[in-house]
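Below, chain A is the first sequence line, B the second, and so on; all start at residue 1.
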Amino acid sequence: MRQELQRPRGTQDILAPISSRMEQLRRIAIDTATRYGYDLLETPIFEQSAVFLRVGESTDIVQHERYTFTDVGGVDLTLRPEGTAAVARAYVENGMANKPQPVRLCYYGPMFRREKPEALRYRQHTQFGAELYGSTQPEADAEVILLACATVEAMGLPAPLVRLNSIGCSVCRPQYRASLLEYYHSHEEELCADCQSRLETNPLRLLDCKVDIDIRDRAPDIKDYWCADCAAHYAELVALLEASGRTVVRDPFLVRGLDYYTRTVFEIAHPSLGNRAALFGGGRYDGLATTLDGPETTPAVGFGMGMERILSVLEDKNLTPERRIYVAHIPGSEADAFVLAEHLRQEGFPIDTDLLRRSLKAQLRDASKRSNIVIIVGGDEWAQFKQVTVKDLAQNEQRTMPVEDLVPYLQQLS
RNA sequence: GUGGAUGUAGCUCAGUUGGUUAGAGCACCAGGUUGUGGCCCUGGGGGUCGGGGGUUCAAGUCCCCUCAUUCACCCCA
């Protein structure tokens, strides 16, 4: 196929068995969120670029991983790279600060980032996420994390191990940041090229480095810099999660890439994804809504979950093939079969039927590939008694019955 | 953005030291007599060998470029 007609890099066509599976996952996600009190919020898939720019100037995903365009009216627009900023914008714009607090929202849909594609890294991927606005309490962090865990379990994954950390607040983080910088500057010559530049751009991300791990391991731990409030918040959060039956582990090197986080950050990986690709991740971002012209103090906490990644670690056992019914005709009764097929569809049955006027033999061959019940219309039984033959392809059993008995019979089958 | 691997039918792949009209399996379609599938047999459709350029009498095969896929890094779901 001509290259210019192929699908864009890093995107995918989702075909039949997988597409219905994705739909299933979407339903599970939204149902679970509903059970926790979260309302579905649908925002546009593009926003004015400023929405994302304000929210994370130093992150790669807004710096050079954006799909940005100018529309004919001259407005600068960006395909959303993540959900959090868009939800925050909607929260502010719709005056949700005036609703009963806390406000619980979830979202589901495609996200776009112009990254170099890789295993489980796409330029368009589907994300499910939830955001809780209006509470600074650790119960809020806990609820969001529990929802994320409950969601992946409802989808059929084993209980996840949550990696957790707190990156402090405006009171304590500056001091930590300073000592981290001091520490790394004293080892500057030993650092890899990436870390040297991180030193300038985003010092916290130094802890993410997989090369200079020996230097990293001796770096100061933020835990020792937490202010009293942050320490208490973290301790209460852990206690709540553990009391709820979740296993958590503190990861002192967990600092997430979006730079709007405050205090809590968390992530869960999956063994088969090699610890690098997280299934879901999130944290608290108390200053985000304010950045988007929201009220002075609008605490919030949330997570995002990569649906393609979930799908990839799910076993295929839940793939139950649909029960379908094939209406076949004996040559000469094409129209009668066609009308019967339409009638059965209106009765709610999933029907396949031949549209090529093929021989009965060819129809049965076709039916055996896509159906498990065949209804044969035509011939003497049809002409004389309006009877049809119903054949179970798997059992290789068939019986003849008046057409008016068909609907009750099929209903009793399923 | 950096580095490695790979690009032949819808899919999985053969294709010998460059040498006639490029193959197989699976899938798809049709037949194997009159109204019945899965097995078997026969036949058929489908490829500008990713694209462009070069070397050569001759390129799927050698060289260069490019595009794409894939893996790792970066970052992230």
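- Contacts of A:F128 with the nucleic acid, taken as non-hydrogen atoms under 4.0 Å apart, are absent.
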* Structure fact -> Readout for nucleotides 27-41 of chain B: B = base within 4.0 Å of protein heavy atom, S = sugar-phosphate only, - = neither; 5' to 3' it is -SSS-B--BBBB---
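- Contacts of A:E308 with the nucleic acid, taken as non-hydrogen atoms under 4.0 Å apart, are absent.
- For A:H125, whose side chain is taken as the heavy atoms from C-beta onward, the closest listed nucleotide among B:A72, B:A77, B:U69 is B:A77.
- No contact: A:G83 has no heavy atom under 4.0 Å from any strand.
- The distance between atom CZ of A:R123 and atom C1' of B:U70, rounded to the nearest whole Å, is 14 Å.
- The environment of A:E182 atom CD is sparse: at most 12 non-hydrogen atoms of other residues, nucleotides or ligands sit within 6.0 angstrom.
- Looking at A:E115, its side chain comes within 3.5 Å of the base of B:A77 through a donor and an acceptor atom.
- Comparing the same atom, P, in B:U8 and in B:G1 gives a spacing of 25 Å after rounding to whole Å.
- Pairing analysis of RNA chain B (Watson-Crick: purine N1 to pyrimidine N3 plus N6-O4 or O6-N4; G-U wobble: N1-O2 and O6-N3; both under 3.5 Å) yields stems of 3 or more pairs at B:1-7 with B:67-73, B:10-13 with B:23-26, B:28-32 with B:40-44, B:50-54 with B:62-66.
- Taking A:K369 as the reference, A:R365 meet the side-chain contact (heavy atoms from CB on, under 4.5 Å) condition, with sequence neighbours excluded.
- To the nearest whole angstrom, the two C1' atoms, one in B:C62 and one in B:A72, are 30 Å apart.
- Checking A:S371 against A:D352 by side-chain atom types alone, a donor-acceptor pair falls below 3.5 Å.
- Inter-residue side-chain proximity for A:H125 and A:P110 is flagged as unmet; no heavy-atom pair is nearer than 4.5 Å.
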